[in-house]
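Chain letters run A, B, ... following the sequence lines, proteins first, then strands; residues in each count from 1. Worth knowing before you read on, the calculation uses all heavy atoms, side chains too, and leaves out hydrogens, waters and symmetry mates.
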There are 2 protein chains.
Amino acid sequence: MSSTNFKHDLFNQFARVGKALGNGNRLELLEYLAQGERSVDELGKVAGLTTANTSQHLQQLRQAGLVTTRKHGLKVYYRLSGNDVIALLDALRAVAQRHVADVERLVNTYLTVKDSLEPVPRAELLARVREGLVTVLDVRPPEEYAAGHVPGAVNIPLAELEQRLEELGQGQEIVAYCRGPHCVLAYEAVARLRAQGREARRLEDGYPEWLAEGLPVEGSRE
Amino acid sequence: MSSTNFKHDLFNQFARVGKALGNGNRLELLEYLAQGERSVDELGKVAGLTTANTSQHLQQLRQAGLVTTRKHGLKVYYRLSGNDVIALLDALRAVAQRHVADVERLVNTYLTVKDSLEPVPRAELLARVREGLVTVLDVRPPEEYAAGHVPGAVNIPLAELEQRLEELGQGQEIVAYCRGPHCVLAYEAVARLRAQGREARRLEDGYPEWLAEGLPVEGSRE
DNA sequence: CTTCTAATCAATTAATCGCTTGAATAGTTT
DNA sequence: AAACTATTCAAGCGATTAATTGATTAGAAG
């Protein structure tokens, strides 16, 4: 095999991964899987796709090496192949945010208006959690919280936030997080908390990035 | 706009970048551009594509925000939009190498047989260069070397390596590098140097990663 | 001004992709 | 065993992609 053929073959293989990332629904599925293992049916429901369509997209992701499966009874559970997939997703999103004008505009008009403050770095949050100086709020759905979360985080889905304010330590700053760097839930939570007179900020990125950095995690995920 | 629509729109925009990465020829073009700015014609020649085809692929990359252009006379020069694109390419290749069996096999059967030693970390090479304890060999084509290279690196294209051995400091270890983590040229150079009784290793990854890490660089690139 | 050159544009064609639909497979429950 | 369920498979159809070809545009050189 000549080195040119080698290079072509190799880069075509790399392109398989790129192709898998070239569909919005598949990227959404990857973000949901970054919260923890899920079955096809569950993924279809949360992503708003039919089971058949979900299954086909997952097959694509699997062939590209981005997810792995295990079977239990009738159900097939999918999960990310490793934390490096989280890093890849983050690199993709970072490039898109910096260089794709439509992304910048979407983020500015939908997210930044809700919270324009700098997010709290993970290392800083970890230190403050250990000193009990902050309340951590996880606004994801309960099953995602159960799969794994920042130690000591309180899980309150957005719809219940106003009714459960007293569960969040009085007089403490609240740091909210969600599924990733562009998750509306955390932005919305921070806006609502501030409207109630609370001091609130977002955690930098989301739970998957906390996990990928090797920081301590609570929950059934390991 | 509902948050579901926002999410779909946003992830579809992210997918634009993914799509751009979903073609082997485009990934090769990105790797060549990571060495420095090039014109369409030059890129077509080095990638083995027609100018028209090259131009179309570059348009795709440009619409995805991965490259930018400037025009000088008849020529249009393309360059990467930023170092974060290098990081994205590396994340993609890393995931593919770890999770795509065909990549693993290609790398093992074509690269690892030429050099199975651990590459030299960039920080270590930088320290040893400053102490004059090592010879750095850049095996890329001269125009890529001229666009930017590791300080003090000697540029010898592979075809001239055996004839120009005496240009490489006697009794010193040689650290060779090339275009990126899977560049055949550095692997081949190390194998040939060892066959000549020289002590030789590869630099971890390649020049673009050196640059992206903010380490000192020589050449017309800035 | 004419000729040449680099890049882009536009159209064509075959291949691939995404979604839907319904059948098939494999496991569980009654 | 029959009925139910979760997932995959297979086929169909419209949309999109990649490479080629030739025309067009814009700049340089003679």
**Q.** Residue met sooner reading DNA chain C from 5', once B:Ser55 and A:Arg26 are mapped to nucleotides
**A.** B:Ser55
Q. When the distance from CD of A:Glu28 to P of C:dC19 is rounded to whole Å, what number comes out?
A. 11 Å
Q.
Strictly below 4.0 Å, N to O, side chains only: are B:Glu144 and B:Arg38 in salt-bridge contact?
A. yes
Q. Taking the six-membered ring of A:Tyr77 as reference, does the NZ or CZ atom of A:Arg70 fall below 6.0 Å from its centre and within a 45° cone about the axis?
A. yes
Q) Between B:Tyr207 and B:Arg140, is there a cation-pi geometry (under 6.0 Å to ring centre, at most 45° from the normal)? A) yes
Q) OP1, OP2 of C:dG27 versus side-chain N and O of A:Lys75: anything below 4.0 Å? A) no
(Q) Going by the rule side chain to side chain donor-acceptor pair (under 3.5 Å), which residues pair with A:Tyr110 if we only count those two or more places apart in sequence or in a different chain? (A) none
Q.
Does C:dT8 have its OP1 or OP2 closer than 4.0 Å to a side-chain nitrogen or oxygen of B:Gln59?
A. yes
**Q.** Presence of B:Tyr78 side-chain N/O under 4.0 Å of C:dA6 phosphate oxygens OP1/OP2
**A.** no
Q: Using a cut-off of strictly less than 4.0 Å, decide whether B:Asn23 has a side-chain nitrogen or oxygen near OP1 or OP2 of D:dT17.
A: no
Q. Side-chain N or O of A:His57 less than 4.0 angstrom from OP1 or OP2 on C:dC17?
A. no
Q) Does B:Thr51 have a side-chain nitrogen or oxygen under 4.0 Å from the phosphate oxygens OP1 or OP2 of C:dA6? A) no
Q | Interatomic distance, A:His72 NE2 vs C:dA26 C1' [rounded to whole Å] | A | 15 Å
